[in-house]
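We use all heavy atoms of the structure for the numbers below, so side chains are in, but hydrogens, waters and symmetry mates are not.
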Protein chains: 2
Amino acid sequence: MVAATVELTPKAHRTRAAILQEAERLFAAHGFRGTRLEDVAQAVGIRRASIVYYFADKRELYDAVLADALGGLLQRLREVLLTPEPLRERVDSAVSVWVDYIGERPTLARLVLRESVDAEPGEAPALLAHIGPFVELVRGLVGSEAVARVPVAIGPAHIASAIAGATLFFVGAMPTFVPDLEFDPLSRDHLDAHRREVLRITARLLGDG
Amino acid sequence: MVAATVELTPKAHRTRAAILQEAERLFAAHGFRGTRLEDVAQAVGIRRASIVYYFADKRELYDAVLADALGGLLQRLREVLLTPEPLRERVDSAVSVWVDYIGERPTLARLVLRESVDAEPGEAPALLAHIGPFVELVRGLVGSEAVARVPVAIGPAHIASAIAGATLFFVGAMPTFVPDLEFDPLSRDHLDAHRREVLRITARLLGDG
DNA sequence: GTCTATAGAGAGATAGAC
DNA sequence: GTCTATCTCTCTATAGAC
């Protein structure tokens, strides 16, 4: 494989980025198994064997897609969580970042939902390999005194699934159930309304609703 | 295929039920593509070709699994929604039935999440073929005068995704992110807490929170 | 009803030319 | 860097014996 950090000719760099982009779209739409390298190659406009030049095998391509999408989210979350703002405001900002990021990159919603559901019991899903930094980030917060004083009415797993589940489902799954209608969850209005509701739910779950 | 309603010998009936049960478990765990008929057969204790005697092909088996699981949910929802109780109480009962049914049959959470995410744009997912009765049920309610008077602060799509998404994600996906820990979303305590929160979210979304 | 055996398609990986 | 050609494995579907 050719690592992203290795120096590539401009053309090669474009090819690699195009592969990543099309692979993200197709993995999100059809899953790991359901996506053929043939289709990725065709979408990019190259031959299947050429993908191997950049990514040793299918799994490696998939991991690169996850790393790319999750890396962007992690960066934005760090920006809002690692500030001197009051904790409660940082949490709200993080929730907004979460909703907005998923809204701008809806493929991530499907990728994460797929990873969640595909996980084998006892066997770490590919997602978990990328999730360490997120855990560190949250752990840093939870470890702080400030968090200990927030009256949490309910376990963090419940909070997380309500917030994450609502947004992932809204963006990643609702279009399935309201097909070809005028309903687009990614439209400005619907996403605004969704963000508002998730913020209210967050407040409610944190005990100050 | 041998329809469920056709008269079968007791033994054949048991075999058919066993195939359905193992197929539900495996389809939920690995998805349609990821489940091999070989594995279903092995789990039941028969040979792969024998499955064909009951279900013409893999897709037909999958449809039968969906119909079985969703049929049970529909029946319970009808029981609580088609009563003379005040509408607001019926909605709460329906939400409770939803949470409890998924809690008792967590395979359904994964099946529904998979169907939602697998849906091709422009192409009806298998789930939609089974969902007609649910739509009819809700349409009957929404058409009634009583519903028109409920102050709905937000669109039904948002309400549905918040409620459905939270529960599906909690049951179907959380175990992935909190692996091998002492966390079991299906335990009585956690499911009770989750039901409580979803009922609160419902109230909030319906404007009387 | 349940089995054995096999055909046939699909798709990932690999070798090597240009 | 990108290609053609091929190997190989997996899994569904089918035919037909018992």
* To do: Any pair with a residue in residues 124-140 of chain A that passes side-chain hydrogen bond (donor to acceptor under 3.5 Å, both in side chains), sequence neighbours left out, goes on the list, sorted by first then second residue, please.
  =>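 Output for this query is empty, none listed.
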side-chain contact (heavy atoms from CB on, under 4.5 Å) against [X], all qualifying residues, sequence neighbours excluded:
X      : value
A/L141 : A/L81, A/L87, A/R90, A/V147
B/Q21  : none
B/A160 : none

* **Stretch residues 22-32 of chain B: residues that reach within less than 4.0 Å of DNA chain D through a heavy atom** =>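 Output list: empty, so none.
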Does [N] have OP1 or OP2 under 4.0 Å away from a side-chain N or O of [X]?
X     : N      : result
A/R36 : C/dA11 : yes
B/Y53 : C/dT2  : no
B/Y54 : C/dT2  : yes
A/T15 : D/dT2  : yes

Which residues share a side chain to side chain donor-acceptor pair (under 3.5 Å) with [X], sequence neighbours left out:
X      : result
B/E89  : none
B/D192 : B/R195
A/R33  : none
B/R196 : none

* Locate the shortest heavy-atom distance separating A/K58 from A/F27; write the atom from each residue and the value. => CE-CE2, 4.2 Å
* **5′-ward residue of the pair A/S50/A/R33 relative to DNA chain D** =>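 That would be A/S50.
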* Determine to 10° how strongly the helix from C/dG1-D/dC18 to C/dC18-D/dG1 is bent, judged from the axes of its five-pair ends. => 0°
* Asked: Quick one: what's the B/S/- string for nucleotides 13-18 of chain D, heavy-atom cutoff under 4.0 Å, read 5' to 3'?
  -> BB----
* Asked: Are B/Y54 and B/E60 linked by a side-chain donor-acceptor pair shorter than 3.5 Å?
  ->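 Judged by distance alone, the side chains do not pair up.
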* To do: Would you please name every residue forming a ring pair (Phe, Tyr, Trp, His ring centres under 6.0 Å) with B/Y101, sequence neighbours left out?
  => none
